[in-house]
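Report on the following structure.
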Amino acid sequence: MPLNNQMKLEFLSIPANISFARATVAAFASQLEFTLSDLEEVKVAVSEAVSNSIIHGYRNAPDRFIKIYAGLTENTLELSIEDDGRGIEDIDRALQPAFTTDPERLGLGFVFMQSFMENLQVDSLPGRGTMVRMSRRVGAGAVQNSREH
Amino acid sequence: MPLNNQMKLEFLSIPANISFARATVAAFASQLEFTLSDLEEVKVAVSEAVSNSIIHGYRNAPDRFIKIYAGLTENTLELSIEDDGRGIEDIDRALQPAFTTDPERLGLGFVFMQSFMENLQVDSLPGRGTMVRMSRRVGAGAVQNSREH
Amino acid sequence: VGEIRRFLRDDNPVKVSRSVKETAYKIQQTRELLTARLGREPTIGEIAGELSLSREEIVNALEAAQTPASIYETLHQ
Ligand SMILES: Nc1ncnc2c1ncn2[C@@H]1O[C@H](COP(=O)(O)OP(=O)(O)O)[C@@H](O)[C@H]1O
Ligand SMILES: Nc1ncnc2c1ncn2[C@@H]1O[C@H](COP(=O)(O)OP(=O)(O)O)[C@@H](O)[C@H]1O
Ligand SMILES: [Mg+2]
Ligand SMILES: [Mg+2]
């Protein structure tokens with residue numbers, strides 16, 4: 001599908017930028033006819049991916065950069081969130097519910113991304129970095145929701 | 001002054017992104033203790049610079065990119081807005097109130113930037129592009145305001 | 001996750017939606033209230049604290065409630 005709009009955002013790996021990144025993606029996505037709840041879910045997915053980059057990718061080093069690329073087709077938001085941090089050893093395992101390498105965490109970040117977004121794809125190379133791609137179609141939330149009830 | 005935060009935003013040169021860009025810069029700037037009026041003024045300055053890049057720099061070509069760089073010191077937002085469009089022949093003349101190369105426009109964009117922001121600096125090379133830099137200090141608006149009364 | 005999804009759900013169309021307008025209205029009200037209380041314009045942090053919203057949410061609500069943002073955008077959208 002042709003892209004009607006594109007943006008790239010790059011920012012420092014500090015916690016203050018989690019809410020900045022989610023607000024920026026939501027503002028961009030609001031060019032499509034998403035509902036407020038759709039955008040809330042997109043924001044949760046962005047928070048999870050960005051905090052993973054900060055916490056796991058960069059182990060809280062505050063001087064690294066995280067990149068978000070976003071595109072809009074006529075009815076879909078496409079997202080990619082990238083760091084060049086530590087990377088993930090075993091991606092399949094990382095995607096499993098409740099798997100975490102940090103005993104203080106819940107291991108649900110990827111579960112949220114998977115359930116709120118479509119086509120989650122994780123590419124990673126240990127020592128090189130991680131790229132999380134996902135998309136969200138207008139109307140997808142409503143469909144999923146009516147299926148749940 | 002050391003930068004406590006930095007971000008770079010790149011987006012397509014289409015009118016829909018004027019509002020996106022101003023909201024993004026305002027969201028980033030909101031990490032400092034600006035007032036809503038301060039942020040309104042910053043947004044006007046961003047709108048003017050971005051629409052100049054779209055209209056004058058790229059002559060409304062919708063497939064070019066505009067870059068915004070923003071940094072935060074303890075009390076100042078630093079901004080740079082760049083295009084690689086047509087550029088400006090005579091910068092001093094372009095900065096003059098009511099000067100415009102487009103008879104349908106008012107020629108007040110730079111006047112707004114200059115009055116709402118500090119340290120406006122314009123670099124441009126004909127055929128290469130334009131970079132507009134400006135900054136805004138927390139509390140600057142209040143001072144200006146009380147001076148006016 | 002289903003629970004959280006239902007908790008978050010609120011199916012207003014986002015552009016110029018009623019709840020975005022309401023949030024923007026509340027922000028302006030709070031701004032006036034705090035201006036009176038403090039004797040100066042409140043900072044965005046003070047408004048965010050009063051409303052339990054993030055600073056960025058305040059910025060986005062104000063932006064969404066005022067679209068289209070300029071005559072130029074009106075003409076070109
Ligand atoms: N950007 C990343 N860089 C390195 N490791 C990551 C990254 N994102 C996720 N991981 C790994 O995947 C695991 C699962 O992630 P997630 O589901 O978000 O759970 P949690 O963050 O609670 O640990 C993390 O514990 C971490 O080991
Ligand atoms: N990014 C830019 N690229 C090329 N020319 C520019 C750019 N920004 C401003 N200019 C030139 O400077 C002039 C004055 O700009 P401005 O004060 O914003 O007034 P206006 O946009 O109403 O013409 C414009 O008419 C244009 O010729
Ligand atoms: Mg996580
Ligand atoms: Mg102008």
Side-chain angles (χ1 to χ4, degrees), chain A residues 1-34 36 39 42-43 46-47 50 53-54 58 60-84 138, chain B residues 1-34 36 39 42-43 46-47 50 53-54 58 60-84 138:
Chain A
M1 283 264 260
L3 290 176
N4 298 323
N5 201 354
Q6 290 177 70
M7 72 96 170
K8 211 169 71 188
L9 179 69
E10 200 170 341
F11 52 87
L12 273 180
S13 55
I14 58 178
N17 285 339
I18 299 175
S19 93
F20 167 63
R22 50 190 263 149
T24 301
V25 171
F28 188 69
S30 74
Q31 294 181 1
L32 297 184
E33 298 299 329
F34 285 116
L36 280 181
L39 292 185
V42 168
K43 281 156 76 174
V46 171
S47 299
V50 170
S53 292
I54 293 177
Y58 294 135
N60 299 303
D63 57 350
R64 307 295 298 276
F65 283 89
I66 296 165
K67 261 186 252 177
I68 296 183
Y69 165 83
L72 300 178
T73 71
E74 194 162 291
N75 65 1
T76 303
L77 165 72
E78 291 174 1
L79 272 184
S80 133
I81 291 138
E82 296 170 43
D83 63 65
D84 33 61
V138 170
Chain B
M1 283 265 262
L3 289 175
N4 298 323
N5 201 354
Q6 289 177 70
M7 73 96 171
K8 212 169 73 188
L9 178 71
E10 200 170 341
F11 53 87
L12 273 179
S13 56
I14 58 178
N17 286 338
I18 299 174
S19 148
F20 167 62
R22 51 193 252 146
T24 300
V25 171
F28 188 68
S30 78
Q31 294 181 3
L32 298 184
E33 295 304 326
F34 285 117
L36 292 184
L39 293 178
V42 169
K43 280 160 72 171
V46 171
S47 299
V50 170
S53 292
I54 294 176
Y58 294 135
N60 298 303
D63 56 350
R64 307 296 297 277
F65 283 89
I66 296 164
K67 260 185 255 178
I68 296 183
Y69 165 82
L72 300 178
T73 70
E74 193 163 295
N75 65 0
T76 304
L77 165 73
E78 290 174 2
L79 272 183
S80 134
I81 291 138
E82 296 171 42
D83 62 65
D84 33 60
V138 170

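Chain naming here is simple, since letters A, B, ... match the order of the sequence lines and numbering starts at 1 in each.
Here B/Phe34 pairs with nothing under the ring-ring contact (aromatic ring centres under 6.0 Å, His included) rule; sequence neighbours left out.
Contact of A/Ile14 with chain B is made through the side chain alone, with heavy-atom distances under 4.5 Å. Proximity to chain A (any heavy atom under 4.5 Å) is shown, for B/Leu9, by both the backbone and the side chain.
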Between these two chains, chain B and chain A, I want each donor-acceptor atom pair under 3.5 angstrom written on its own line with its distance.
from: B/Asn5; atom 1: OD1; to: A/Asn17; atom 2: ND2; distance (Å): 2.9
from: B/Asn5; atom 1: ND2; to: A/Asn17; atom 2: OD1; distance (Å): 2.8
from: B/Gln6; atom 1: O; to: A/Leu12; atom 2: N; distance (Å): 3.3
from: B/Lys8; atom 1: N; to: A/Glu10; atom 2: O; distance (Å): 2.8
from: B/Lys8; atom 1: O; to: A/Glu10; atom 2: N; distance (Å): 2.8
from: B/Glu10; atom 1: N; to: A/Lys8; atom 2: O; distance (Å): 2.8
from: B/Glu10; atom 1: O; to: A/Lys8; atom 2: N; distance (Å): 2.8
from: B/Leu12; atom 1: N; to: A/Gln6; atom 2: O; distance (Å): 3.3
from: B/Ala16; atom 1: O; to: A/Gln31; atom 2: NE2; distance (Å): 3.3
from: B/Asn17; atom 1: OD1; to: A/Asn5; atom 2: ND2; distance (Å): 2.8
from: B/Asn17; atom 1: OD1; to: A/Gln31; atom 2: NE2; distance (Å): 3.1
from: B/Asn17; atom 1: ND2; to: A/Asn5; atom 2: OD1; distance (Å): 2.9
from: B/Gln31; atom 1: NE2; to: A/Ala16; atom 2: O; distance (Å): 3.3
from: B/Gln31; atom 1: NE2; to: A/Asn17; atom 2: OD1; distance (Å): 3.1

